[in-house]
Amino acid sequence: MSTELSPTYSPAGLEVGIYRQWVEAGVFGPRASGLSPDARGLRPEAFVTMMPPPNVTASLHMGHGLNNTLQDVLTRWARMRGRPALWLPGTDHAGIATQNVVERLVAKEGKTRFDLGREPFIARMHAYVDVTKETILGQLRSIGSSADWSRTYYTFDEHYSKAVREAFVRLYEKGLIYRGKRIINWCPRCLTALSNEEAEKEEKDGKLWHLRYPLADGSGSLVVATTRPETMLGDSGVAVHPEDARYQALIGKMVALPLTDRQIPIVADEAVDPKFGSGAVKVTPAHDATDFDIGQRHDLAQIDVMTPEARMSETVPERLQGLDRYDARKKVVAEFDALGLLVKIEDHRHAVGHCYRCGTVVEPRLSDQWFVEMAPLAQPALDAYRAGAVKFVPERWGDTYTQWLENIRDWCISRQLWWGHRIPVWYCDACGTKQASRVDLSTCPSCRGPLRQDEDVLDTWFSSWLVPMASLGWPEETEDLARFYPGTVLITAPEILFFWVARMIMAGLEFRGTVPFSTVYLHGTVRDTQHRKMSKSLGNGIDPLDVIEKYGADALRYTVVSGMAVGTDLILDPKDLEVSFAAGRNFANKLWNAARFVLGNLRGAPRPLAGKYREVIRQQELTLADRWIIARCDAAVRNAADALAKFRLNDAASAAYHFLWSDFADWYVEAIKPRLYGDIPGGDVARAVTYRVFDTALRLLHPVMPFLTEAIWQKLPARQEGELLAQARWPEPDRRAVDAAALKEFALVQEVVTALRQIRAENGVEPGKQIDATIVAATPAMRSALSLEEGTVRRLAKVAKLTVGAAPSGAAASAVLTDGSTLIVPLGGMVDLAKECAKLAAERDRLAGMVANQEKKLGNEQFVARAPAPVIEGERKKLAEWSEQVSKLDERRKALGC
RNA sequence: GGGCCGUUAGCUCAGUUGGUUAGAGCGCUACGUUGACAUCGUAGAGGUCACAAGUUCGAAUCUUGUACGGCCCACCA
């Protein structure tokens, strides 16, 4: 390993090498970190988080990038604090999504899955997935994910399948899984049933067709309204509200259903809203959930008018058979029109369900499916939340969670797919028994006849809801399960709150008797500048791999973390990666260069330095700048830890950023250069302090920018062979580092330097020109600051002679400082007296305004009587400070003859 | 239809229990090749905190309403 950093920061090669080091050193497993028990003999509690498993065929997108970065930051933080940290990665076999992918491949060969047959098709899927699975996992590594890959789970591997069967059989035996004929959401493209959650409701502009249905006895007609006219072919009744005066006489009469030769009854049902449309509803029990219920109550026929592909079936008149549902819609409407039965067409906005995998409009359809009865599972999940066993960050998601659980409906878990866990139920055609089983069955236990397994597979989410348990070995009582269940925090996107999070909580409570994690951190969504979700179809995505290649994973991570405040979305511009990721890249580059400087100056430092650096607090030889940077560093440590504990990762990143860039690089490094160069004494102390705070800052920043900090940290002097930052300790706050006086005095140094620079800029002083400066009426703090850091002030502001004392006469530029002292820079003819006077006057007026405001505030009896004492005290101080400045400005103006 | 969230500088956003002159990054302007860094440095411009009313000694912050944007849920066909 070379001892130097390359002159330019190039993340590409560096990151790969660093990642290899971590893997080889086994950093990612849940080590006890060698941390000794605390005073009470307790070992640190394990930190466990489960990765939301990406789909096996997924390729990395910004959503993964965001989600995994956040998980990695928290995992690395926990690890560095000495907690056994386990981040459990995995992949999801993703039923419909994956089957769709492979079906498309097969389609390119001009075939369908049915041409191949079930077994060969599944074999082909396995082969395909074996390859893609590694792709996504490898991509997750490239962003630096420190997950424990040795424990990677796959929701379709052998062990996991056992867990799925166990869960199914247990619920089945408990009577919570049943098979029934219900209206479900059917995707005519994927040819499967979907759960309610998988049918995404989307508001769309549609039409409302008003159709006239003649009475069978010819005594009149009534009008019904529908958004799906083609379903009228399956109507088996018309419903009106029982109290609707308009229809009292019609209840019980028959309607001659147009386009068919059927007669259907008019029934009275409470479900009808008399205020909507005509108040009469066509009832299609096989194609609408409400109609299904009405049909049940009135014993109406269930006529499914469509094929699985949503074409009109043989149940409809021959001329319409085989038509696609939308063609049939047009035709039906046309026929009604031709018959004079089309009353009107209205614009109508309503929600339509779409398949969440292919976007096809789902068809509500009567179908025989498997369901989980959810109410008994939902109640404990509600109770646990209300008892505080699980909390959400941000909290408001708790309401959403509650609302969903309170209105939960049974979960349709069977899918008419081939890719998935086959439903572990066997039927005996001979004796008619059916049985759920944990192991495959071949002969009927009662009649010894041959058995037939259910053809359907389970909803993918029926396997993913077991992640927190199954990934640790459940249903076996493994060591991992005992040690790491329940987990600590789940970090995911709110989109899958119902699909996954709520169901995991239910499963945890049902199968293990406890919630699977105590905190759920729901982060925002990655969107483009128009606030649209990034997606492949919109083409507004950002490829994280592209960003990593251009700017490095650290830059990506920094941008993502610093842009992700709790409860907000992350907006990035896909059209301008430069704008989106510049901050991260610039910071990485800045840190790299600061490190080159630091390392260059620490190199060859005496050995004892490394030991000494820990103790360089409150030593006689410390300069004001030293004390200041130590105190600032300590403050950054406190801020970052506070922020991380509250999931405010952006604040933690910003604490490290500002410390490193503003405090350390801009001020401290500049302040100590003469000492480092040997121009003045104190070099060793400066090096020791630099070592201390730089080391600390690298630790602070490591969870956010792990590669870069690791690479730099390893080059610090006196590092042991094989020592890794990823395993180093997170910095602890140090009471000895707190130094209010140093903070105050160095701030004065900064103020003087800034004021001098400002005067130079305003008066057009050439950059290289040395000037003189005097501070008049310096406060004790100012005197102290100047005497301690005179050299710093002079060097940073290019001041030849810096004096404290009486005002020099003659034309000069000046500034009144916050402590009430006046900075005077004699510039002779360079000063435009009129301009200077105007500047001082403007400044005076501004301050005088503030003073007046302050006097008014303090003169207000109500304020003095009601505001808390510290606030009043603070306001008095401000008043005094500003008044002082005003009078100093007046003096100055008088002196200049303004 | 119900619920939730947002509206702060040209852009993307912080601003945690109401209490300095409302901050950051990017962008912009001027100047600058000072022995880590031009992916940089220095200085600067830029905001009636969406609007209205209210509570309060005091409101970006709390309340109500309005407008606009977004999200989630929903069996008015």
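Note on naming: letters A, B, ... go to the chains in the order of the sequence lines (proteins, then strands), and numbering restarts at 1 for each one.
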- Message: Expressed as a whole number of angstroms, how long is the span from A:Asn407:CG to B:C72:C1'?
- Response: 13 Å

- Query: Do A:Glu873 and A:Lys878 sit within salt-bridge range, that is, some charged N less than 4.0 Å from a carboxylate O?
  - Reply: no

- Considering only the P atoms, how many Å lie between B:U63 and B:G19, rounded to the nearest integer? 15 Å

- side chain to side chain contact (heavy atoms under 4.5 Å, CB included) with A:Met850: which residues, sequence neighbours excluded? A:Arg846, A:Leu847, A:Trp882

Expected list for residues 663-678 of chain A: side-chain donor-acceptor pairs under 3.5 angstrom, two or more places apart:
residue	atom	partner	partner atom	Å
A:Asp663	OD1	A:Arg632	NH2	3.3
A:Asp663	OD2	A:Arg632	NE	2.9
A:Asp663	OD2	A:Arg632	NH2	3.2
A:Tyr668	OH	A:Asp626	OD1	2.6
A:Glu670	OE1	A:Lys673	NZ	3.4
A:Glu670	OE2	A:Lys673	NZ	3.2
A:Arg675	NH1	A:Asp626	OD2	3.0
A:Arg675	NH1	A:Gly682	O	3.3
A:Arg675	NH2	A:Thr623	OG1	3.1
A:Arg675	NH2	A:Asp626	OD1	2.5
A:Arg675	NH2	A:Asp626	OD2	3.0

- Message: Nearest whole Å is fine: how far is B:G41 P from A:Lys673 NZ?
- Response: 11 Å

- Spacing of A:Ile712 atom CD1 relative to B:A36 atom P, expressed in whole Å: 16 Å

- Of A:Asp569 and A:Ala594, the one whose nearest nucleotide on RNA chain B sits closer to the 5' end is A:Asp569

- Item | Phosphate OP1/OP2 of B:A36: any A:Tyr677 side-chain N/O under 4.0 Å | yes

- Task: Could you provide the dot-bracket string of RNA chain B, using ( ) for intrastrand pairs, [ ] for crossing pairs and | for bases paired to another strand, with Watson-Crick or G-U pairs below 3.5 Å?
- Result: (((((((..((((.....[...)))).(((((.......))))).....(((((..]....))))))))))))....

- Task: Have a look at A:Phe647 and say if it touches a base, only the backbone sugar-phosphate, or nothing, with a 4.0 Å heavy-atom cut-off.
- Result: nothing

- Message: For a quick check of understanding: with a heavy-atom distance under 4.0 Å over all strands, which category does A:His348 fall into, base, sugar-phosphate or nothing?
- Response: sugar-phosphate

- Quick one: list whatever passes side chain to side chain contact (heavy atoms under 4.5 Å, CB included) with A:Pro285, sequence neighbours left out. A:Ser236, A:Val283, A:Leu300, A:Gln302

- Message: In whole Å, measure the gap between the C1' atoms of B:C51 and B:U29 for me.
- Response: 33 Å

- Contact list for residues 555-582 of chain A, test ring-ring contact (aromatic ring centres under 6.0 Å, His included), sequence neighbours left out: A:Tyr558-A:Phe587, A:Tyr558-A:Tyr657

- Task: In whole angstrom, give the distance that lies between atom CD of A:Glu230 and atom P of B:A77.
- Result: 14 Å

- Distance, rounded to the nearest Å, where A:Asp573 contributes CG and B:G10 contributes C1': 14 Å

- Task: Could you note down all residue pairs passing side-chain hydrogen bond (donor to acceptor under 3.5 Å, both in side chains) where residues 586-600 of chain A supplies at least one of them, sequence neighbours left out?
- Result: A:Asn589-A:Asn593, A:Asn593-A:Arg596

- Say you pick atom P in B:U8 and the same atom in B:C76; how far apart are they, in whole Å? 35 Å

- Task: Compare side-chain N and O positions of A:Thr8 against OP1 and OP2 of B:U39 and report whether any pair is under 4.0 Å apart.
- Result: no

- Query: Residues two or more places apart in sequence or in another chain: which of them pass ring pair (Phe, Tyr, Trp, His ring centres under 6.0 Å) with A:Phe498?
  - Reply: A:Trp404

- Task: Considering only atom C1', compute the distance from B:A60 to B:U20 and round it to an integer number of Å.
- Result: 15 Å

- Message: Any donor-acceptor pair under 3.5 Å linking the side-chain atoms of A:Glu751 with those of A:Thr818?
- Response: yes

- Could you measure between the two P atoms, the one in B:C26 and the one in B:U39, and give it in whole Å? 13 Å

- Query: If we take the P atom in both B:A38 and B:G70, what is their distance in whole Å?
  - Reply: 43 Å

- Task: Going 5' to 3' through nucleotides 19-31 of chain B, assign each nucleotide B (protein heavy atom under 4.0 Å from a base atom), S (under 4.0 Å only from sugar-phosphate atoms) or - (no protein heavy atom that close).
- Result: BSB--SSS-----

- Query: A:Arg648 near the nucleic acid: base, sugar-phosphate alone, or nothing, with a heavy-atom cut-off under 4.0 Å?
  - Reply: base

- Note on the structure: Atom CG of A:Leu676 and atom P of B:A36 are separated, to the nearest Å, by 10 Å

- Task: May I have the distance from A:Arg760 (atom CZ) to B:U34 (atom P), rounded to whole angstrom?
- Result: 14 Å

- Query: So which nucleotide from B:U34, B:C76, B:A36 ends up closest to the side chain of A:Lys590?
  - Reply: B:A36

- Message: Need one value for A:Arg409: base, sugar-phosphate or nothing, where a base atom within 4.0 Å counts as base even if backbone is also close, heavy atoms only.
- Response: sugar-phosphate

- If you check the A:Val272 side chain, which of B:C73, B:A74, B:A77 turns out closest? B:A77

- Item | Any donor-acceptor N or O pair under 3.5 Å, side chains A:Asp235, A:Thr284 | yes

- Item | Distance, C1' atom - from B:U56 to B:U61, rounded to whole angstrom | 13 Å

- Taking side chain to side chain contact (heavy atoms under 4.5 Å, CB included) as the test, write out the residues that go with A:Phe276, two or more places apart. A:Leu208, A:Asp273, A:His348

- Message: Under 4.0 Å, counting only non-hydrogen atoms across every strand here, what does A:Ala351 touch: a base, just sugar-phosphate, or nothing?
- Response: base

- Message: Output the rounded distance in Å from CG (A:Asp293) to P (B:C75).
- Response: 11 Å

- Message: By the 4.0 Å heavy-atom rule, please label A:Ala239 as base, sugar-phosphate, or nothing.
- Response: nothing

- Give me the ring orientation class for A:Tyr356 and A:Phe499: parallel if the planes are under 30° apart, tilted from 30 to 60°, perpendicular past 60°. parallel

- A:Glu203 atom CD, neighbour heavy-atom count above 12 within 6.0 Å: yes

- Protein proximity profile, nucleotides 42-49 of chain B - base contact B, sugar-phosphate-only contact S, no contact -, cut-off 4.0 Å on heavy atoms: SSS-----

- Sequence neighbours excluded, every pair satisfying salt bridge (charged side-chain N to carboxylate O under 4.0 Å, His left out) that has a member inside residues 556-572 of chain A: A:Asp72-A:Arg557, A:Arg527-A:Asp569

- Using a 4.0 Å heavy-atom cut-off across all strands, classify A:Ala565 as base, sugar-phosphate, or nothing. sugar-phosphate

- Provide the distance between the two C1' atoms, one in B:G41 and one in B:C49, to the nearest whole Å. 32 Å

- Message: Taking NZ in A:Lys391 as the centre, count heavy atoms belonging to other residues, nucleotides or ligands within less than 6.0 Å. Is the count above 12?
- Response: no

- Message: Base, sugar-phosphate or nothing for A:Thr525? Non-hydrogen atoms, less than 4.0 Å.
- Response: nothing

- Task: Please determine if A:Lys877 and A:Glu875 form a salt bridge, counting it only when a charged side-chain N lies under 4.0 Å from a carboxylate O.
- Result: no

- Message: Check this one for me: any side-chain N or O of A:Arg596 less than 4.0 Å away from OP1 or OP2 of B:C40?
- Response: no

- Message: Between A:Arg585 and A:Glu578, does any NZ, NE, NH1 or NH2 come within less than 4.0 Å of an OD or OE carboxylate oxygen?
- Response: yes

- Task: State whether A:Arg325 and A:Glu363 are salt-bridged, where the test is any N-O pair (Lys NZ or Arg NE/NH1/NH2 against Asp/Glu carboxylate O) under 4.0 Å.
- Result: yes

Between the protein and nucleotides 1-9 of chain B, list every N/O to N/O distance that falls short of 3.5 Å.
none

